[in-house]
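Presented below is the structure to which this report refers.
The figures here come from the full heavy-atom set of this structure, side chains too, leaving out hydrogens, waters and symmetry mates.
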Amino acid sequence: MTDPVLLLVAHGTRNPAGVETIARLADAVSVVLSDSDSRPGLSVRVAFVDVLGPSPADVLRDLPADAPVIAVPAFLASGYHVHADLPREITDSGHRHVHVTPAIGPDPALARVLGERLRETGLRPGDRVVLAAAGSSDVRALADVRTAADQLETVVGRPVEVAYVATGEPRVADVVATARAEGDRVVVASYLLAPGLFHTRLGATGAAGVTEPLGVHPGVTELVVARYRAGVDLISAAAARSRPHRSAPGRD
């Protein structure tokens, strides 16, 4: 079977550093797959569902009609973009050989990266930890964020509060202000993939520390690779089941 194209699908941002982060993540994934899986010719493409292009439909239309594609949503929670926008883009493209993996988050691997980021930021034993997500009006995405907070609690060994930067309540700034008024020191774990407006806002919340976005951390790279490999296994298994069964010699 020809190696499926890996289509890394992200949200999109007007921040050049955010766009560059997604490009570097795609490059890092390509290097890992080329080195560890002996896939030197593997094509890794990037698409965005909002703000800028190319869209998933644009990229899929540019590929051969019979090329197998594994789309990996580079989203930390699955809301409207994952459940509605991406399937619509695939349908609009007319491409019939696309397998969509689960989004990269939530996942225990991301919780471990967040834990490392918190230690780098100077997390202290008595600090309150707030997981700061972009937010969503989709209850499925909000549930995913709560799951991510539960996974982070396991890593840091303390309660983790959830707050949102844009959509949803409570807002990060309000949670930080309340905690400070109670005399607590607060560290914010940025549950964002790349730099941009939302991450910039976290720096103005008054928290004692804010972690860097998840970015091109090896743990994030390996998670994308794992999603792709699982997709390849599913496609291979489906192809094996669809092949006609051949009887052993001498048997009818």
* When you check the gap from the basic side-chain N to the acidic O, do Arg24 and Asp27 get nearer than 4.0 Å? -> no

* To do: Please determine if Glu153 and Arg146 form a salt bridge, counting it only when a charged side-chain N lies under 4.0 Å from a carboxylate O.
  => yes

* Under a 4.5 Å cut-off applied to non-hydrogen side-chain atoms, are Phe48 and Thr13 in contact? -> no

* Asked: Taking C-beta and beyond as the side chain, do Pro170 and Val175 meet within less than 4.5 Å on heavy atoms?
  -> yes

* Under the 3.5 angstrom rule, does the side chain of Ser30 hit a backbone N or O of Ala26 as a donor-acceptor pair? -> no

* Quick one: does Leu114's side chain get under 4.5 Å of Leu131's, heavy atoms only? -> yes

* Asked: Do the side chain of Tyr228 and the main chain of Leu6 share a donor and acceptor less than 3.5 angstrom apart?
  -> no

* To do: Would you mind reporting whether Val100 and Ile70 have side-chain heavy atoms less than 4.5 Å apart?
  => no

* Asked: Could you state the interatomic distance from CD1 (Ile90) to CZ (Arg96), rounded to the nearest 0.5 Å?
  -> 14.0 Å

* Hey, any chance Val69 and Val44 share a hydrophobic cluster, counting ILVMFWY side chains that come within less than 4.5 Å of each other, even indirectly? -> no

* Pair Asp127 + Arg158, salt bridge at N-O below 4.0 Å -> no

* Can you check whether Arg119 reaches Val156 side chain to side chain, under 4.5 Å on heavy atoms? -> no

* Asked: Between NE2 of His11 and CZ of Phe75, what distance do you get to the nearest 0.5 Å?
  -> 6.0 Å

* Asked: Can you tell if the side chain of Pro68 reaches within under 4.5 Å of the side chain of Val5, non-hydrogen atoms only?
  -> no

* Structure fact -> OG1 (Thr21) and CG (Leu192) are apart, to the nearest 0.5 Å, by 11.5 Å

* Shared ILVMFWY cluster between Tyr191 and Val82, side chains joined below 4.5 angstrom? -> no

* To do: Would you indicate whether the side-chain heavy atoms of Pro73 and Thr101 approach each other to under 4.5 Å?
  => yes

* Work out which heavy atom in Ala74 is nearest to a heavy atom in Leu193; give both atom names and the distance. => O-CD2, 3.6 Å

* Structure fact -> Rounded to the nearest 0.5 Å, the OG atom of Ser136 sits from the CG atom of Asp144 at a distance of 9.5 Å

* So do the side chains of Asp138 and Leu142 get within less than 4.5 Å of each other, counting heavy atoms only? -> no

* **More than 12 heavy atoms from other groups under 6.0 Å of CZ on Arg201** => yes

* **Atom pair CG (Asp3) and CG (Leu33), whose distance is rounded to the nearest 0.5 Å** => 9.0 Å

* Side-chain ion pair, Glu120 and Arg117, N-O less than 4.0 Å -> yes

* Heavy-atom closest pair, residues Ser78 and Ala103 -> OG-CB, 3.4 Å

* **Reference residue Val176; test side chain to side chain contact (heavy atoms under 4.5 Å, CB included); the match among Val186, Asp184, Val187** => Val186

* Structure fact -> Nearest heavy-atom approach of Val165 to Arg171 is O-NH1, 3.8 Å

* Rounded to the nearest 0.5 Å, what's the gap from OG1 on Thr178 to CD on Glu161? Could you check? => 9.0 Å

* Asked: Are Asp107 and Arg227 within salt-bridge range, i.e. N to O under 4.0 Å?
  -> yes

* To do: For Ser55 and Asp58, test the side chains for any donor-to-acceptor distance below 3.5 angstrom and give the result as yes or no.
  => yes

* Has the side chain of Thr211 got a donor or acceptor atom that lies under 3.5 Å from a matching backbone atom of Ser190? -> yes

